[in-house]
Each structure stands twice: as C-alpha cells, then as structure tokens.
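Written below as structure tokens is the structure these notes are about.
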Amino acid sequence: MYTRIVIYKYFVDSSGNRLTSYSPDILNIHLANSDWLVDESANTQERKVLYYSKIVHKNEVTSNAIDYIMLDPTDMLDNIQFKKQEGQEGQTIISQYNYSKENKMVIEMKVEAVQTHSAVNAIKDAWNVDVSIDENGNLSLL
C-alpha cells in the first residue's frame with residue numbers, strides 16, 4: 001500500500017475554540033528523513049501533507065516521518081513580542097502573541113493508505129494528486 005499523512009497544527013483556547021490570532025508557524029514539525037515526500041502545493045500554514053515514497057507491505061512499518069516538533073519554550077509565557085527586520089531600510093514587522101496557560105497547541109495526524117494495484121489511478125482518485133511510480137515501486141510527486 002502507499003501511505004500519506006496529513007498533519008494539522010493549530011492553537012485552541014480552554015473551550016476548544018480555534019485561535020486564529022496565533023500563528024501555527026511557530027510549531028516546527030521537522031521531517032526525519034527523505035523517505036517522506038512533502039507536497040508543497042497542498043501545504044498551508046496549518047497543514048502539512050506527506051507521502052511515503054515506498055510501498056508498505058503486510059507486517060511492515062514505514063520509517064519515522066517526524067523526528068521532532070519544536071516550540072520555543074518562551075512562547076508559553078503570557079506576553080511575548082516577536083520583532084523581525086525585513087526588506088527595506090527601516091521597515092519593521094512586529095507580531096505580538098498573548099499566550100496563556102489556558103491555551104493549547106494541537107497537532108492532529110490523519111493517516112491514509114491506497115492500494116498498490118493501479119496505484120497511479122488509485123492515488124489520483126483517492127487523494128487528487130498526480131504521482132509517478134518507478135519499476136521498484138518508488139513514488140514521486142509530479
């Protein structure tokens with residue numbers, strides 16, 4: 001079977017309401033190795049889509065997709081101000097986040113699999129993505 005993982009990252013308040021004022025970009029999800037392909041065209045600020053480049057046979061497991069998830073520990077404080085110099089002389093972009101102990105970061109992972117029989121068509125039908133598969137069964141995104 002061919003496998004993909006869709007990862008969602010966001011923040012919620014104590015009632016479970018999504019906090020759009022917090023940027024999910026501060027949650028860094030680091031890929032473990034090159035067996036997992038990132039679909040840059042499907043990624044958003046809150047979503048990362050990964051495809052395993054190899055066939056997963058019965059009783060096999062994939063290599064690790066992620067080796068760490070990092071959030072700067074200081075981001076958990078109540079008042080943090082990030083300043084970033086960018087572009088033209090004197091131009092400053094300032095973002096302020098008011099974090100609270102009540103708020104939580106959420107990371108959801110949805111794992112899906114598709115058959116290897118007629119895999120190119122099955123992947124297109126199931127995930128609406130174009131791929132190629134070489135003679136060894138290795139998947140590439142087009």
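Quantities reported herein were computed from a predicted structural model and do not represent experimental measurements.
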*Let me see the working for I133 and Y2 under side chain to side chain contact (heavy atoms under 4.5 Å, CB included), right down to the final yes or no.*
CA-CA 11 Å; I133 297 175; Y2 288 97; 3.4 Å; yes
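By the ring pair (Phe, Tyr, Trp, His ring centres under 6.0 Å) test, H30 is found to be paired with Y68, residues two or more places apart in sequence or in another chain being considered. Not a single side chain to side chain donor-acceptor pair (under 3.5 Å) links S132 to another residue, sequence neighbours left out. With sequence neighbours left out, R47 forms a side chain to side chain donor-acceptor pair (under 3.5 Å) with no residue at all. The side chain to side chain donor-acceptor pair (under 3.5 Å) test applied to Q45 returns S23, D25, not counting sequence neighbours.
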Could you tabulate the donor-acceptor pairs under 3.5 Å formed by side-chain atoms of residues 116-130, not counting sequence neighbours?
unit_1: K124; atom_1: NZ; unit_2: D130; atom_2: OD1; d: 3.2
unit_1: W127; atom_1: NE1; unit_2: E112; atom_2: OE1; d: 3.1

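Of the charged side-chain nitrogens involved, none lies within less than 4.0 Å of a carboxylate oxygen, so that E60 and K54 do not count as a salt-bridged pair.
Using a distance-only test at 3.5 Å, with no hydrogens or angles considered, a donor-acceptor pair links the side chain of N33 to the main chain of N64. In terms of modelled atom types and a separation under 3.5 Å, the side chain of N136 and the main chain of N138 share no donor-acceptor contact. Counting only distance, with no hydrogens or angles, the side chain of S53 and the backbone of D35 share a donor-acceptor pair below 3.5 Å.
Within the hydrophobic cluster formed by Ile, Leu, Val, Met, Phe, Trp and Tyr side chains joined at under 4.5 Å, directly or through other members, V56 is accompanied by M1, I5, I7, I29, L31, W36, V38, L50, Y52, I66, I69, I107, M109, V111.
Y8 and V49 fall within the same hydrophobic cluster, defined by Ile, Leu, Val, Met, Phe, Trp and Tyr side-chain heavy atoms under 4.5 Å apart, directly or through other members.
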